[in-house]
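What follows is one structure encoded as structure tokens, with my remarks underneath.
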Amino acid sequence: MEEHAEGAAVKNVSMTKKKLTVHLGETLRAARARAQWTQADVAERVGVATEVYGRMERGDLTPSVPILRALCGVLKMDADEALALESRGTAAWLKEQPAPSEEESPGMRRLTRMLRQMDDKQLAALSMVARTLASSAEE
């Protein structure tokens with residue numbers, strides 16, 4: 001095990017921070033595409049601004065360790081892959097990942113994000129509007 005760790009460390013010593021950041025951005029973009037999410041979807045789930053996440057994907061910003069950990073969890077991405085480390089195999093939780101579904105449209109995800117930002121009074125008002133729209137559609 002030590003031999004594997006040393007070999008990976010020696011290989012990656014030559015990788016500059018910029019190369020690592022660009023690789024990480026490419027990996028994030030690919031994982032987001034597999035999940036069929038927008039940058040805003042990922043940013044919201046991780047707790048960063050959409051603009052900040054976009055800079056990460058472009059390779060202009062290296063995330064902190066806690067943010068990288070959150071990104072790996074949200075995107076079901078192996079940290080070794082994200083950091084360009086050699087791995088002995090795919091993590092078990094990645095193998096169990098179901099194929100992305102098209103259950104929610106981007107419009108539905110945007111609406112859900114807006115709903116999460118509303119207070120109880122706003123949600124109650126919107127609920128009344130939704131019930132009115134639904135009942136008029138049934139007629």
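Note that this is a predicted model, so its numbers are computed, not measured.
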Task: Closest heavy-atom pair and its distance - Lys18, Gly59 - done: NZ-O, 2.7 Å
Open item on the list: So Arg113 and Asp41, do their side chains get closer than 4.5 Å, heavy atoms only?
Closed with: yes
Open item on the list: Taking side chain to side chain contact (heavy atoms under 4.5 Å, CB included) as the definition, give me every residue that meets it alongside Leu115, ordered by chain and number, with sequence neighbours left out.
Closed with: Leu111, Met118, Leu123, Leu126
- [ ] Rounded to the nearest 0.5 Å, what's the gap from CD on Gln39 to CZ on Arg55? Could you check?
- [x] 12.5 Å
Task: side chain to side chain contact (heavy atoms under 4.5 Å, CB included) partners of Thr132, counting only residues at least two apart - done: none
Task: Set of side chain to side chain contact (heavy atoms under 4.5 Å, CB included) partners for Glu51, sequence neighbours left out - done: Ala49
Open item on the list: I'd like to know if the side chain of Gln122 and the backbone of Asp119 have a donor-acceptor N/O pair within less than 3.5 Å.
Closed with: yes
Open item on the list: Which residues pass the side chain to side chain donor-acceptor pair (under 3.5 Å) test with Arg110, not counting sequence neighbours?
Closed with: none
Sequence neighbours excluded and cut-off under 3.5 Å, please list the side-chain donor-acceptor pairs for residues 60-67, or say none.
unit_1	atom_1	unit_2	atom_2	d
Thr62	OG1	Thr21	OG1	2.5
Ser64	OG	Ile67	N	3.3

- [ ] Decide whether Arg131 and Ser135 meet the rule of one side-chain donor and one side-chain acceptor closer than 3.5 Å.
- [x] no
TODO: Indicate the atoms forming the closest heavy-atom contact of Ala82 with Cys72, along with that distance.
DONE: CB-SG, 4.5 Å
Atom pairs and distances, donor-acceptor, side-chain atoms in residues 24-32, under 3.5 Å, two or more places apart:
unit_1	atom_1	unit_2	atom_2	d
Thr27	OG1	His23	O	2.8
Thr27	OG1	His23	NE2	3.4
Arg29	NH2	Glu57	O	2.7
Arg32	NE	Glu57	OE2	2.4
Arg32	NH1	Trp37	O	3.0
Arg32	NH2	Glu57	OE1	3.0
Arg32	NH2	Glu57	OE2	3.4

